[in-house]
Structures are given as structure tokens and as C-alpha cells.
Amino acid sequence: MLDIKLVREQTQAVKTGLGNRNFNTAVIDEVLKLDEKYREQRTRLEQKQQALNAASKAVGMWMGKLKKDPAAPVPKEIADALGKTPKGPDEAKEELRLFGDQISNIDRMIGELGKEIEARLQMVPNLPSAQTPVGKDETGNVVRKTWGEAPKFAFKPKPHWELGKHYGLELETGGRISGSGFPFLRGPLARLERALINLYIDFHTRENGYTECWTPFMVRRETLVNSGQLPKFEEEMYQLGKGDELYLIPTAEVPLTSVHADSVLDKEQLPIRYCAFTPCFRREAGAAGKDTRGILRVHQFSKVEMMVTTTPDKSAEEHETLTRCAEKLLELLELPYRRLELCTGDIGFGAARCYDLEVYAVGVEKWLEVSSCSNFTDYQARRAKIRFKDADKQNKLCHTLNGSGLALPRVMIGILENNQDAEGRVRLPKALHAYYGKEFL
RNA sequence: GGAGGAGUGGCAGAGUGGUCGAUUGCGGCGGUUUUGAAAACCGCUGUGGGCUUCGGCUCACCGGGGGUUCGAAUCCCUCCUCCUCCGCCA
């Protein structure tokens with residue numbers, strides 16, 4: 001969520017940033033209008049509350065005095081609050097009750113205003129960082145680096161859905177059990193799935209200083225609001241019915257971001273680096289028919305996620321480090337990749353800056369997104385109330401970052417397609433030999 | 001699933017209708033003392049919002065939400081979480 005103060009004080013800069021995202025800034029004007037009204041009413045309310053509080057206290061003392069002295073005068077606070085002098089405590093109470101009702105009404109109205117402001121602000125994406133290239137859609141993304149080269153074959157390389165048949169990729173079985181987009185793996189590929197997960201987690205915990213976590217796979221609504229998936233992306237979520245108002249997580253980012261929600265961290269604890277393996281559940285609404293062949297885009301997939309909580313002055317640096325962690329994994333897996341910096345028109349909802357890592361797969365002849373590393377600055381932290389105590393003893397919002405390290409299916413596609421030979425055999429990269437137990441699938 | 005108990009400031013732990021935003025202890029910060037340190041003593045020490053002549057003023061917050069009352073941490077309803085016991089079951 002954006003800081004309402006920032007919206008108020010730097011309206012033009014906010015609008016420019018959001019405009020670069022193709023976001024309709026009319027909402028900003030609505031928010032400002034509501035905010036002005038909200039503050040005006042709030043001041044009015046507080047004056048009345050102050051008068052009522054003083055009068056209520058005075059009632060108690062007055063009643064005490066009346067017991068000893070039936071002629072005790074009406075306290076000034078009561079007369080001030082009511083604008084007149086009641087005859088006795090009963091009349092005072094009755095009048096104060098009416099006064100209280102009046103206050104409740106204003107309070108309710110302000111509550112409504114507050115909700116309207118919040119609802120609108122929650123639909124506003126993060127401001128892109130000054131470093132994020134300006135562009136209107138994915139064509140504006142910038143390739144920042146490339147690593148490795150796509151293998152050249154004397155034969156026509158097969159796509160993974162053909163190769164996979166021999167190694168236990170059973171799309172029909174998954175379809176029968178759950179529907180399309182739920183792949184079933186048997187034998188070699190099931191084992192490869194597990195080997196990859198272990199390699200990833202071991203790498204991050206041993207080499208990169210991440211703490212391994214195991215998280216719930218179903219979460220409350222507010223957990224999804226914290227990290228920014230809701231209320232905006234309701235149609236992307238799988239939700240449980242029957243009185244269980246739980247959602248299946250679309251990424252481990254969701255539970256990990258909420259680990260420190262609503263708390264104030266010591267500056268010395270930061271940065272906090274977590275990684276976790278989870279299955280990810282996504283409806284992929286609106287993506288039907290688009291690159292869905294084989295396991296290019298599925299409703300359930302495995303992913304290891306990295307998540308960092310840090311101070312604002314360190315987040316840019318952490319973003320580079322985090323991205324490198326994912327890249328090093330790809331290098332370990334000997335997969336040719338490129339780093340794309342997403343432009344303002346293509347960057348994710350809560351991100352200020354984002355790198356996508358793409359692997360080139362020779363069978364499908366495409367660059368496949370296997371990781372997305374984002375700096376959310378204080379956007380998630382404001383929603384989730386993740387703060388730290390700064391040197392000046394002020395509580396300040398943390399910065400959060402996360403990145404895939406890595407998503408499984410497309411890495412599996414890369415391994416299958418790029419390491420095939422004319423006989424359809426697949427030789428695994430060295431790093432996997434110990435994890436898989438063999439050199440070949 | 002059934003029956004109980006509990007959720008208060010960084011932590012521990014009082015408070016059961018009226019100057020309570022909250023006694024006290026620990027921790028933290030500042031000071032006195034000391035060659036230095038410790039100890040002792042004194043003072044300060046929650047969060048968020050609104051207004052501000054930038055000196056402050058003010059409102060809300062005692063797990064979340066709602067209610068009763070002139071007035072609620074305190075009474076009522078409801079939800080959440082944790083603990084204990086019973087039952088059932090990987």
C-alpha cells in the first residue's frame with residue numbers, strides 16, 4: 001500500500017509513477033478528496049469526544065459530591081459539553097446520552113470514509129523505482145545480461161512433452177485425477193522433482209545464509225492482503241468453501257511475508273533471510289491457451305522461494321544479492337539464461353523493481369521465466385505492519401524482497417530439452433548427480 | 001468433536017464500572033557516585049491517527065469485531081489464538 005501522506009504531499013510524482021505503469025490515476029483524486037473530508041470530520045469528532053470525556057468524568061465526581069451536599073453546582077464540563085445547564089444528574093445523563101449518539105453517528109460516518117479510502121488504496125500498485133525502465137508493456141523490458149549458450153544438435157530437439165513420456169510425465173493421469181494443469185509424475189521425473197527441491201534448499205541454506213522454513217499451504221484472507229495478492233487478484237486464487245475461509249497459497253511469498261506481520265524487529269536482526277519449498281496453486285485465469293502445452297503453465301507446481309526482510313538503505317543491495325542467488329543455481333544446473341529487467345508497464349503489482357530470469361529451452365524454442373526477483377520496498381511492509389526500531393528509536397517500515405529460487409516445472413523443461421541426445425536419453429547436470437543418484441534420467 | 005482455563009505496554013505480571021493509557025518488577029535510555037567497571041540511588045521509557053503559532057494540544061488503542069452505560073481493560077455477545085482434560089484418528 002502507498003503512504004497516504006506521500007499521496008497527499010507529492011501527488012504529481014505519485015501520479016507520474018503510476019501513470020508509467022498504465023494505472024488510471026483517477027483513483028488518486030478520489031482518494032485525496034475522501035481523505036480531505038475524512039480529516040475534516042475527524043477533527044470535528046475529536047472536539048466532541050473531548051467534551052464528552054470531560055463531562056463523563058465530571059458526572060462521577062458530581063454524583064459523589066451531591067451525596068454530601070445536595071446543592072453542589074453543575075460542573076462546568078457538563079454545561080460546556082451540552083451547551084446548557086441541566087437541572088440534575090438524571091437530566092445530565094439523558095442529555096449526554098443524546099450527545100453520545102450524535103458522536104457515534106459521526107464516528108460511523110468516518111469509519112465508512114476510512115474504509116472507502118483503504119479499499120481504493122489497496123487497489124493502487126507500488127510506485128516503480130527510479131531505476132525501473134519506463135515502458136508500456138513487455139516489449140519495454142531490458143535484457144541486462146545473458147549467461148551460457150543454447151546447445152546445438154545435429155537432430156531436431158524434441159519438446160519436453162514428448163521426451164517426458166519416457167520418464168513419467170503423465171499429463172492424462174493428472175487430468176483424470178484433478179483436471180488439466182495438474183501434472184502427474186511417475187518414476188524418474190518424480191525423483192528429479194525431489195532432487196531439485198533438495199538441491200535448491202541445500203544451496204540457499206549452505207551457501208547463501210537463508211533459514212529453511214516450512215509453511216502452511218493454506219492461509220487466511222488477511223495473509224494474502226498483507227503481501228498484496230488480495231483484494232486485487234481474487235480470481236487467481238483457489239479458495240476453500242464449506243465454512244473454511246482459507247485460500248491455497250499461490251507462492252511461499254505469501255506465508256513468509258506474514259511471518260513478521262504486526263511486529264517491530266530489532267535492527268540487529270536484519271536482514272532476515274528465509275527460504276521455503278511449497279507447492280503453488282494458481283488458477284491462471286485469463287491465460288487459457290497461452291503457452292500451456294506440456295508443463296509450461298500449470299495450476300499446481302513446486303517452487304522454492306527466497307524472502308528477505310531488511311532496512312530501506314540495504315534493500316537495493318539485497319535485491320542484487322538475491323537475484324544472484326537464483327542465477328547461481330541456474331549456473332549450477334548448466335542452464336543458459338538471461339536476466340530481464342521489467343519495465344514500468346510489465347512490473348508486478350507490489351514491486352518497485354523486478355528482474356525476471358529466463359531459461360532458454362531448445363525443444364519449445366522459447367525463453368521460459370523461472371524466477372522473478374522483486375524489491376517491494378515498503379509496500380508489503382505497510383500492509384503487513386512489518387517495522388524495525390531505527391537508531392533514532394523511531395519505528396520505521398522494513399523493506400521486503402522475494403524471488404523464486406527456483407520454480408520447478410520450467411527448470412525441468414530446460415533440463416530435459418537441453419540435455420537430450422538423438423536417442424532421447426537425458427544426461428543430468430553434474431550438480432544433480434548426487435541428488436538424483438545417477439547421471440542419466 | 002466434547003468440557004474447562006487464559007489472552008493487558010519489549011518481557012513478566014497487577015488491575016472486575018468512574019481523574020486508568022493503565023500499580024509494580026525486569027529490561028532499555030539518561031544522570032549522580034567511581035581512576036574505570038559493578039553496585040546503589042534519581043529520572044525517563046508503548047503504538048497509531050488528527051491539529052499545530054512546532055512549545056505542544058488532542059483522539060483512539062488492554063487478542064479482533066459488536067453491544068450495554070453519562071462513563072468499560074473491567075459487564076454482555078461473537079470471532080480468533082494459546083493452554084489443560086476427555087474422545088477420535090494419520
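So you know, we letter chains A, B, ... as the sequences are listed, proteins then strands, and number each from 1. These numbers come from the heavy atoms of this one structure, side chains and all, not from hydrogens, waters or symmetry mates.
For the P atom pair drawn from B/C75 and B/U19, the interatomic distance equals 16 Å after rounding to whole Å. With both ends at atom C1', the span from B/C85 to B/C76 equals 28 Å, rounded to whole Å. Of the P atoms belonging to B/A73 and B/C61, the separation is 7 Å, rounded to the nearest Å. Separation of the C1' atoms belonging to B/G13 and B/U23 is 10 Å when rounded to the nearest angstrom. Here the separation of B/U53 from B/G48, taken at their C1' atoms, is 25 Å to the nearest Å. When the P atom is compared between B/U33 and B/G17, the two are found 48 Å apart, to the nearest whole Å. B/A22 and B/C79: their C1' atoms are spaced 26 Å apart (whole Å). Spacing between B/G63 and B/U81 at atom C1', rounded to whole Å, works out to 8 Å.
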| request: Going 5' to 3' through nucleotides 50-62 of chain B, assign each nucleotide B (protein heavy atom under 4.0 Å from a base atom), S (under 4.0 Å only from sugar-phosphate atoms) or - (no protein heavy atom that close). | output: BS------BBS--
| request: Between protein and nucleotides 71-81 of chain B, map the contacts as a letter string: B base, S sugar-phosphate only, - none, heavy atoms under 4.0 Å, written 5' to 3'. | output: S--------SS
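Summarising the base pairing, B/G27 is matched to B/U45 through a Watson-Crick or G-U wobble pair whose two defining distances lie under 3.5 Å. The nucleotide B/G21 finds no pairing partner, because no Watson-Crick or G-U wobble arrangement with both distances shorter than 3.5 Å includes it. Of the nucleotides present, B/G50 is the one that pairs with B/C57 by Watson-Crick or G-U wobble criteria, both distances under 3.5 Å. Nucleotide B/U74 forms a pair with no other nucleotide shown, judged by Watson-Crick or G-U wobble geometry with both contacts under 3.5 Å. Pairing for B/A6 goes to B/U81, judged as Watson-Crick or G-U wobble with the two contacts each under 3.5 Å. Pairing for B/U69 is absent, judged as Watson-Crick or G-U wobble with the two contacts each under 3.5 Å. Pairing of B/U35, defined by two Watson-Crick or G-U wobble distances under 3.5 Å, is not identified with any nucleotide.
With a glycosidic angle no more than 90° from 0, B/G55 adopts the syn conformation.
Remark: P of B/G27 and CG of A/D266 are 17 Å apart, rounded to the nearest angstrom. Going from atom NZ of A/K37 over to atom C1' of B/G49 covers 19 Å, rounded to whole Å. What separates CD of A/E95 from P of B/U69 is a distance of 16 Å, to the nearest Å. Put simply, CD1 on A/I386 is 18 Å from P on B/U47, counting in whole angstrom units. Rounded to a whole Å, the CG atom of A/D3 is 13 Å from the C1' atom of B/G48. If you measure from atom NZ of A/K115 to atom C1' of B/G64, you get 13 Å, rounded to the nearest angstrom. Computed from coordinates, the A/L66 CG to B/C70 P distance equals 17 Å when rounded to whole Å. Atom CG of A/D262 and atom P of B/G64 are 10 Å apart (whole Å).
Using a 4.5 Å heavy-atom threshold, the side chains of A/R8 and A/D35 count as touching. A/F301 places a side-chain heavy atom less than 4.5 Å from the side chain of A/R282. Taking 4.5 Å as the limit, every side-chain heavy atom of A/L441 sits out of range of all side-chain heavy atoms of A/N419. For the pair A/L428/A/H433, a side-chain contact is recorded, criterion being any heavy-atom separation below 4.5 Å from C-beta on. Inter-residue side-chain proximity for A/L340 and A/Y355 is flagged as unmet; no heavy-atom pair is nearer than 4.5 Å.
When heavy atoms are screened at a 4.0 angstrom cut-off, A/R387 is found touching the sugar-phosphate backbone but no base atom. Contact annotation for A/N395: backbone-only contact, meaning every heavy-atom pair under 4.0 Å involves sugar-phosphate atoms and none involves a base.
For B/U47, one of the phosphate oxygens OP1 or OP2 lies less than 4.0 angstrom from a side-chain nitrogen or oxygen of A/K389.
A/F349 approaches A/P125 most closely through the heavy-atom pair O-CB, 3.2 Å.
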| said: Apply side-chain hydrogen bond (donor to acceptor under 3.5 Å, both in side chains) to residues A/Q380 and A/T400 and explain how you reach the verdict. | reply: CA-CA 7 Å; A/Q380 293 179 323; A/T400 59; 2.6 Å; yes
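Screening A/L2, A/I386, A/L397 for a side chain to side chain contact (heavy atoms under 4.5 Å, CB included) involving A/D378 leaves a single residue, A/L397.
Looking at A/K165 and A/E170, no side-chain N of the basic residue comes within less than 4.0 Å of a carboxylate O on the acidic one, giving no salt bridge.
A/Y247 and A/E234 share a side-chain donor-acceptor pair at under 3.5 Å.
Because its NZ or CZ atom is both nearer than 6.0 Å to the ring centre of A/Y436 and within 45° of the ring axis, A/R191 counts as a cation-pi partner of that residue.
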